[in-house]
*Asks:* 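First, the structure itself, so that you have it in front of you.
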Amino acid sequence: MAELTKEEKAWVKKVNALLAKCPSDRIGFYTVGDTTVFLFDVTRIDDVTNAMDSGSKDFGQCVEDLDAGFDESLRFPESVESVAG
C-alpha cells in the first residue's frame, strides 16, 4: 500500500476533522470525476432517485432539474475520481 508523508497525514487528519464538524445533516455530496465535489440537499434523495428511475438523466442532472443542489461546492487540488463500488 502507498504511504503518505507525515505532512500529508496531518493534512488528511485536519480535513477529516473539519468535515466532521459540518453543522448540518442535509448536505450530500457527489462528483462527476473532476476536481469539484458538488453539494446537494440529501433530504431530497428520494426525489432525485425517483427522477433518475423515471428518465434517462444521471444523478447530477436530476439534482439540477429538481433545484436540489446548493450553490457552493468543494474544490480539491486533484481530480476526485467518480467510481462505482
Side-chain angles (χ1 to χ4, degrees):
M1 177 179 284
E3 291 286 328
L4 294 172
T5 67
K6 182 179 177 181
E7 293 82 13
E8 291 166 336
K9 287 179 183 180
W11 176 81
V12 170
K13 187 174 182 176
K14 286 183 204 175
V15 171
N16 282 329
L18 182 61
L19 289 171
K21 293 179 182 179
C22 180
S24 172
D25 292 1
R26 69 185 193 112
I27 300 175
F29 309 91
Y30 71 95
T31 185
V32 296
D34 59 13
T35 61
T36 304
V37 172
F38 298 95
L39 310 178
F40 76 101
D41 185 346
V42 78
T43 66
R44 306 273 317 272
I45 193 68
D46 289 340
D47 297 333
V48 174
T49 56
N50 288 338
M52 287 175 58
D53 290 343
S54 65
S56 61
K57 294 183 178 180
D58 69 17
F59 190 92
Q61 291 171 319
C62 292
V63 168
E64 286 184 28
D65 289 352
L66 294 167
D67 287 328
F70 296 115
D71 290 337
E72 302 296 327
S73 61
L74 302 175
R75 302 288 174 144
F76 284 77
E78 296 294 332
S79 290
V80 178
E81 300 302 327
S82 176
V83 300

*Asks:* Would you say that F59 contacts I45 through its side chain, given a criterion of any heavy-atom pair below 4.5 Å between the two side chains?
*Replies:* yes

*Asks:* For D47, give me all partners under salt bridge (Lys or Arg N to Asp or Glu O under 4.0 Å), at least two apart in sequence or on another chain.
*Replies:* R44

*Asks:* According to ring pair (Phe, Tyr, Trp, His ring centres under 6.0 Å), who are the partners of F38, at least two apart in sequence or on a separate chain?
*Replies:* Y30

*Asks:* Would a hydrophobic clustering, with Ile, Leu, Val, Met, Phe, Trp and Tyr connected at side-chain separations under 4.5 Å, put F40 with V37?
*Replies:* no

*Asks:* Could you check if a side-chain atom of S82 sits within less than 4.5 angstrom of a side-chain atom of V32, using non-hydrogen atoms only?
*Replies:*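 With C-beta onward as the side chain, the pair stays apart.
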
*Asks:* Is there a path of hydrophobic side-chain contacts, each under 4.5 Å between heavy atoms of I, L, V, M, F, W or Y residues, that connects L39 with L19?
*Replies:*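 No, it is not one cluster - the side chains of L39 and L19 are not joined through contacts under 4.5 Å.
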
*Asks:* Is it true that atom CD of E8 has more than 12 heavy atoms of other residues, nucleotides or ligands lying nearer than 6.0 Å?
*Replies:* yes

*Asks:* How far does CD1 of I27 sit from CG of L74, to the nearest 0.5 angstrom?
*Replies:*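 The CD1 atom of I27 sits 8.5 Å away from the CG atom of L74.
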
*Asks:* With a 3.5 Å distance limit and no angle check, can you tell me whether T31 reaches the backbone of T36 through a side-chain donor-acceptor pair?
*Replies:* yes

*Asks:* Would you kindly confirm whether F70 and V42 end up in one hydrophobic cluster when ILVMFWY residues are joined by side chain heavy atoms under 4.5 Å apart?
*Replies:* no

*Asks:* Which distance, rounded to the nearest 0.5 Å, do you find between the CZ of R75 and the CD of E72?
*Replies:*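 Interatomic distance, R75 CZ to E72 CD, rounded to 0.5 Å: 10.0 Å.
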
*Asks:* As an exercise, state the distance from CG of D41 to CG of D67, rounded to the nearest 0.5 Å.
*Replies:*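 Reported to 0.5 Å precision, the distance equals 11.5 Å.
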
*Asks:* Heavy atoms only: give me the nearest M52-K57 pair and the separation to one decimal.
*Replies:* CG-O, 4.0 Å

*Asks:* Does CG in N16 sit with more than 12 non-hydrogen atoms of other residues, nucleotides or ligands closer than 6.0 Å?
*Replies:* yes

